[in-house]
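What's counted below: heavy atoms across the whole structure, side chains too, no hydrogens, waters or symmetry copies.
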Amino acid sequence: MTESKINILPEFITNKIAAGEVVQRPESVVKELLENAIDANAQNVELYIKDAGKSLIMVADDGDGMTADDAKKSVLRHATSKIKDYDDLERIATYGFRGEALSSIAAVSILEIKTERREDDLGTLIRVEDGTSIIEESGSFSKGTSVSVKNLFFNTPARRNFLKTNATELKHVTDTFKRAALSYKELGFKMYNDGELVYDLPPASLDDRIAALFSENTIDALVEVEELTDYVNVTGYVSKPTFLRKNKGDQYLFINKRPVSSKTINHAVFTAYENILEKGEYPFFVLFLDLDPAKVDINIHPSKLEVKFDDDNGIYAVVNAVVKKTLGSYDLVPSMSFNRPIEDREKLLFNSYNRVEKNDFGDRPSNSSSQVSSQPREIRTYSDDEIDQLFDNMNTDIKRNAPAEPVSHPFETAREAEYHSAGGVSATKGNDDSDDDMENASFIVLLHKKYILTQIKTGLMIIDHHVAHERILYEEALAAFEADLPFSQQLLFSQQIKLDPGEFELLKELYGHIHKLGFEIKFLTRNNVLIEGVPSDVNVGDEAETLRGILDEYRKNMVEKQLEVRDNLAKSWSCKAAVKAGDKLTVPEMKMLIERLFATSMPYVCPHGRPIVIKIPLVEFDRRFGRT
């Protein structure tokens, strides 16, 4: 008789396979347990985390509780109190319904449930240690249910090895807690991490809940959304253009109070910002969509995060129109006009280095070194004295070493030199036709507080001052990591800020590198840190915002680009510490920025790949004005 090749897998193996779909990391367990607590009609929910959830995850609620029989059934596969027949699948009104969560968790951890109903004198304790045998005991417990998950993935070491650092896992746990707290603002939530109370959220309005979870002034940067229709109700908040983020994770979407992920909705919102968003920017939003449960399918994946609508195009159109209307009503979307492009436009190319003469900004400022070297240029910073030497012309060393004849400033024209040498009186005494000053005069201006414009011999050079400063800070950061000689500007008054648990853990992991940049930080209790010193490039008053921004940008790069630690941190630092669009620069500051830019190894492209310098040739102006 031929031996059969088809085997029926034992139940303990099938349980572990199924668990892989539901329990992917500690955050998955937190999500399922929080959902069960909310479904149990709890008014207060507490989350306890140890070792980022790897050692312990416990969720305690004051909900309905369970009988002994129900408690034993709850850890079996496909056991649920949420649905009874097929018709219930068409109108799911609870978080859970598949009956897979507790059985999947029990298959990969040590699970313990303590539960007691309000009307009972004794409660029930259920313990599952190997995913199969169930231990039952009676006792007196708090009213409601407490579920403890210990040593997650202890019996599946391969899965445990794939977990990320504590900072990363705790960030995911915190995000899931925030989503549950936003969804049910009328409930009380607490979160403890390694014994410390991180969040204490009493029942509140959505405004107050957002302020408690993010920051008190967040609500000031948001615009309220409210549109009620027969098909779908859209409520919540979207960010003003001044509050655009670099992080995709700051979008919170809820369908019938269920936190979900929907590319359709996200794209609808992003498109509403189409004339505002720049590359890599994302709006912050908290949006609630309420519609008939029969018109949305949430039973796509065991995680229940993905959804499908019976009319994707209709939902897209409604959300897009509502967000556009909201932004437009606050006059936040700038008007734009477009001209027909000129035919045969030349493509932008990066020219190779050429030697330049005075007043020619063809590749770099004319006061850069005239010697061409194949070796990389040395990266350096400038002291206050050096800045004075370059731009004040009043420094003692300059006056001591000044040549007998006046020396023109590298940015000056012949007329400007004559003007200064005559003590502010034109040396030509009104003879304006004696030379070609006006034709050759150079200038440097800031356009709309975003772009530096200056004349070059062949036309016009435009520099994006933000990405130019990014390139400078990026290379200086890499040099600081190598030199290991941190220089910190001490604060007159130390600043204490509170981070969320994920940010706190990440800062501790990165502090060795961040210290080299010039940050002096003390770690306090309850996720508080004290900023005592910062790098000199950080503006006064921006210390806390810059530090948070570095951590957010680092996390985003870690997920999306998987950069090496020092490269990631250098890019994160340069992005958050650089001057921003809208920051005003003086003429000396613009000149110094150009000097520092062309001392870098690659002054044409920012660390993220965006162009820094654009040149418009004079022939292009002539062509547009019909001179050719």
### Task
With ring pair (Phe, Tyr, Trp, His ring centres under 6.0 Å) as the test, would you mind laying out the steps for F270 and Y282 before giving the verdict?
CA-CA 7 Å; F270 294 167; Y282 304 94; 5.7 Å; yes
### Worked check of side chain to side chain donor-acceptor pair (under 3.5 Å) between S205 and D207
CA-CA 5 Å; S205 65; D207 292 16; 5.2 Å; no
### Residue pair Y199, F177: steps toward the ring pair (Phe, Tyr, Trp, His ring centres under 6.0 Å) verdict
CA-CA 10 Å; Y199 291 107; F177 176 84; 5.7 Å; yes
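For E545, the CD atom is loosely surrounded, since the number of other residues' heavy atoms within 6.0 Å does not exceed 12. Other residues, nucleotides and ligands contribute more than 12 heavy atoms inside 6.0 Å of the NZ atom of K580.
Under the rule for a ring pair (Phe, Tyr, Trp, His ring centres under 6.0 Å), Y231 has no partner lying at least two apart in sequence or in another chain. Taking the side-chain hydrogen bond (donor to acceptor under 3.5 Å, both in side chains) definition, one finds that N166 meets it with D51, K54, sequence neighbours left out. Scanning for side-chain hydrogen bond (donor to acceptor under 3.5 Å, both in side chains) contacts around Y316 gives H267, T271, with sequence neighbours left out. Applying the side-chain hydrogen bond (donor to acceptor under 3.5 Å, both in side chains) test to R209 and every residue at least two apart in sequence or in another chain returns nothing. For K576, there are no side-chain hydrogen bond (donor to acceptor under 3.5 Å, both in side chains) partners two or more places apart in sequence or in a different chain.
Taking the side chain as every heavy atom from C-beta outward, L446 and M590 approach each other to under 4.5 Å. Proximity of V23 to L152: side-chain heavy atoms (C-beta onward) are separated by under 4.5 Å at one or more points. A 4.5 Å side-chain heavy-atom check between I472 and L593 finds at least one atom pair inside the cut-off. Taking the side chain as every heavy atom from C-beta outward, Y554 and L510 approach each other to under 4.5 Å. Within the 4.5 Å cutoff, the side chain of M58 has no heavy atoms near those of the L47 side chain.
For E27 (side chain) and R25 (main-chain N/O), no donor-acceptor pair under 3.5 Å exists by modelled atom type. Using modelled atom types, no side-chain atom of D312 and backbone atom of K308 make a donor-acceptor pair closer than 3.5 Å.
Minimum heavy-atom separation, F504 to L524: CZ-O, 3.6 Å.
Donor-acceptor pairing under 3.5 Å is recorded for the side chains of S572 and N568.
Listed by first and then second residue, the salt bridge (charged side-chain N to carboxylate O under 4.0 Å, His left out) pairs that reach into residues 518-530 are K522-E532, sequence neighbours excluded.
Between Y192 and Y48, the two ring planes are parallel [angle under 30°; tilted spans 30° to 60°]. F254 and F288 have parallel rings, their planes meeting at less than 30° on a 0 to 90° scale where 60° marks the start of perpendicular. Ring planes of Y511 and F523: perpendicular class, angle over 60° (limits at 30 and 60°).
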